[in-house]
Visitor: 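Sending over a structure as structure tokens; questions will come in a sec.
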Amino acid sequence: MQIALAPMEGLVDNILRDVLTRVGGIDWCVTEFIRVCDRLLPPSSFDKLAPELRRGARTAAGVPMRVQLLGSDPVCLADNAALACQLGAPVIDLNFGCPAKTVNKSRGGAVLLKEPELLHAIVREVRRAVPAHIPVTSKMR
Ligand SMILES: Cc1cc2nc3c(=O)[nH]c(=O)nc-3n(C[C@H](O)[C@H](O)[C@H](O)COP(=O)(O)O)c2cc1C
């Protein structure tokens, strides 16, 4: 069994990831969701939400960190996933679970479960864009 630190936007940032992974007992953690709209994000956006990428995508305690993306445009998600991998992400996680109204209103998170064909297109394009050795996962609730 593995124990993951749940991603929490606005709460589990790099500082809390650092503190909690120092305590121990966590096998891997995830960034807060990185929102992808209609463009390739600049590397600084990844650096802001995932500064651990600068040190091998691990917290100071050595716990691996995955990068979570949120959005609904398959190609744009794929381009940003590829960039995240270039920047050092060891796993790409797709947010298909966020129930927040503000997020769902802009067609992100759990609301995507109502559009299985879109989900499929997102996974297909992201999988295609990401190097084969890097796992692509999705979080649903
Ligand atoms: C404040 C807050 C922010 C959250 N942000 C994210 C997020 O960015 N990505 C994500 O996948 N889940 C997010 N979640 C969901 C949690 O990771 C986790 O799944 C949830 O709190 C546990 O409840 P569950 O058993 O219903 O999943 C968030 C939850 C809370 C309370």
Side-chain angles (χ1 to χ4, degrees), residues 1-116 118-141:
M1 185 179 73
Q2 295 223 322
I3 296 186
L5 175 59
M8 289 195 217
E9 192 260 342
L11 189 65
V12 184
D13 60 5
N14 64 303
I15 295 167
L16 197 52
R17 288 193 293 271
D18 179 34
V19 170
L20 294 177
T21 58
R22 276 175 204 265
V23 172
I26 294 170
D27 294 297
W28 48 271
C29 54
V30 194
T31 62
E32 300 162 87
F33 66 72
I34 299 176
R35 193 190 287 266
V36 170
C37 295
D38 55 0
R39 67 195 172 98
L40 190 61
L41 294 168
S44 57
S45 296
F46 289 93
D47 193 50
K48 195 171 153 200
L49 288 165
E52 292 96 328
L53 290 175
R54 274 186 265 132
R55 66 158 101 115
R58 287 177 184 269
T59 66
V63 175
M65 179 204 68
R66 305 178 173 193
V67 170
Q68 187 182 76
L69 302 179
L70 178 140
S72 57
D73 180 324
V75 173
C76 203
L77 279 164
D79 290 346
N80 280 281
L83 175 58
C85 295
Q86 281 167 28
L87 295 171
V91 177
I92 297 295
D93 184 61
L94 298 168
N95 183 318
F96 295 151
C98 181
K101 280 193 185 127
T102 44
V103 170
N104 289 176
K105 249 192 323 196
S106 55
R107 225 177 160 207
V111 76
L112 295 175
L113 297 176
K114 289 183 182 161
E115 298 184 73
L118 177 59
L119 280 194
H120 180 253
I122 291 171
V123 173
R124 184 188 61 222
E125 293 306 316
V126 171
R127 182 63 275 172
R128 228 181 241 166
V130 163
H133 68 282
I134 296 192
V136 174
T137 61
S138 70
K139 181 160 175 276
M140 296 177 197
R141 301 165 71 194

Visitor: Going by side-chain hydrogen bond (donor to acceptor under 3.5 Å, both in side chains), N95 matches just one of K139, Q68, R35. Which one?
Guide: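 Exactly one option meets the side-chain hydrogen bond (donor to acceptor under 3.5 Å, both in side chains) with N95, and it is Q68.
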
Visitor: Treating D27 as the side-chain partner and A4 as the backbone partner, does any N or O pair qualify as donor plus acceptor under 3.5 Å?
Guide: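 No, the answer is negative, given that no donor and acceptor are paired below the 3.5 Å cut-off.
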
Visitor: Would you say that F46 contacts N80 through its side chain, given a criterion of any heavy-atom pair below 4.5 Å between the two side chains?
Guide: yes

Visitor: Which atom pair, heavy atoms only, marks the closest approach of W28 to V63?
Guide: CA-CG1, 3.6 Å

Visitor: Is the shortest side-chain heavy-atom distance between C37 and D73 below 4.5 Å?
Guide: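 C37 vs D73: side chains apart.
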
Visitor: Would you say the side-chain atoms of E32 pair up with the backbone N or O of G10, donor to acceptor, closer than 3.5 Å?
Guide: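 Confirmed, E32 side chain pairs with G10 backbone.
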
Visitor: What's the spacing between L112 CG and S72 OG if we round to 0.5 Å?
Guide: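 The OG atom of S72 is 6.0 Å from CG of L112, to the nearest 0.5 Å.
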
Visitor: Using a 4.5 Å cut-off on heavy atoms from C-beta on, say whether the side chain of V12 contacts that of C29.
Guide: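 No, every pair of side-chain atoms sits at 4.5 Å or beyond.
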
Visitor: What is the minimum heavy-atom distance between R17 and A50, and which atoms define it?
Guide: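 Where R17 meets A50 most closely, the heavy atoms are NH2-CA, 4.2 Å.
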
Visitor: So do the side chains of R107 and L118 get within less than 4.5 Å of each other, counting heavy atoms only?
Guide: yes

Visitor: What do the steps show when you test D18 against R22 for side chain to side chain contact (heavy atoms under 4.5 Å, CB included), and what is the final call?
Guide: CA-CA 6 Å; D18 179 34; R22 276 175 204 265; 2.9 Å; yes

Visitor: Under 4.5 Å between any side-chain heavy atoms of E9 and C98, yes or no?
Guide: no

Visitor: Using a 4.5 Å cut-off on heavy atoms from C-beta on, say whether the side chain of R124 contacts that of R127.
Guide: no

Visitor: Looking only at heavy atoms, which two atoms of V30 and P7 are closest? And how far apart?
Guide: CB-CB, 3.9 Å

Visitor: Any non-hydrogen side-chain atom of L53 less than 4.5 Å from a side-chain atom of V67?
Guide: yes

Visitor: Taking all heavy atoms of V36 and all of L69, pick out the closest pair and write down the distance.
Guide: CG2-CD2, 4.2 Å

Visitor: If you take all heavy atoms of I34 and L41, which pair is closest and at what distance?
Guide: CG2-CD1, 3.6 Å

Visitor: If I take atom CE from residue M65 and atom CG from residue N14, how far apart are they, to the nearest 0.5 angstrom?
Guide: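 Those atoms lie 9.0 Å apart.
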
Visitor: When you check the side-chain N and O atoms of T137 and D93, is any donor under 3.5 Å from an acceptor?
Guide: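 Indeed, the side chains of T137 and D93 share at least one donor-acceptor pair under 3.5 Å.
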
Visitor: Distance check, rounded to the nearest 0.5 Å: T31 atom OG1 versus K48 atom NZ?
Guide: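 Result: 13.0 Å between the selected atoms.
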
Visitor: Rounded to the nearest 0.5 Å, what separation is found between the CG atom of L77 and the CG atom of L70?
Guide: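 It comes to 8.0 Å.
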
Visitor: So which heavy atom on P90 is nearest to which on A57, and how close?
Guide: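 Looks like CD-CB, 3.6 Å.
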
Visitor: With rounding to the nearest 0.5 angstrom, report the CD to SG distance, E125 to C76.
Guide: 12.0 Å

Visitor: Got a sec: does the CD1 of I15 have more than 12 other heavy atoms crowding it under 6.0 Å?
Guide: no

Visitor: Could you grab the distance from atom CG of L87 to atom CG of D47, nearest 0.5 Å is fine?
Guide: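 If I round to the nearest 0.5 Å, the distance is 8.5 Å.
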
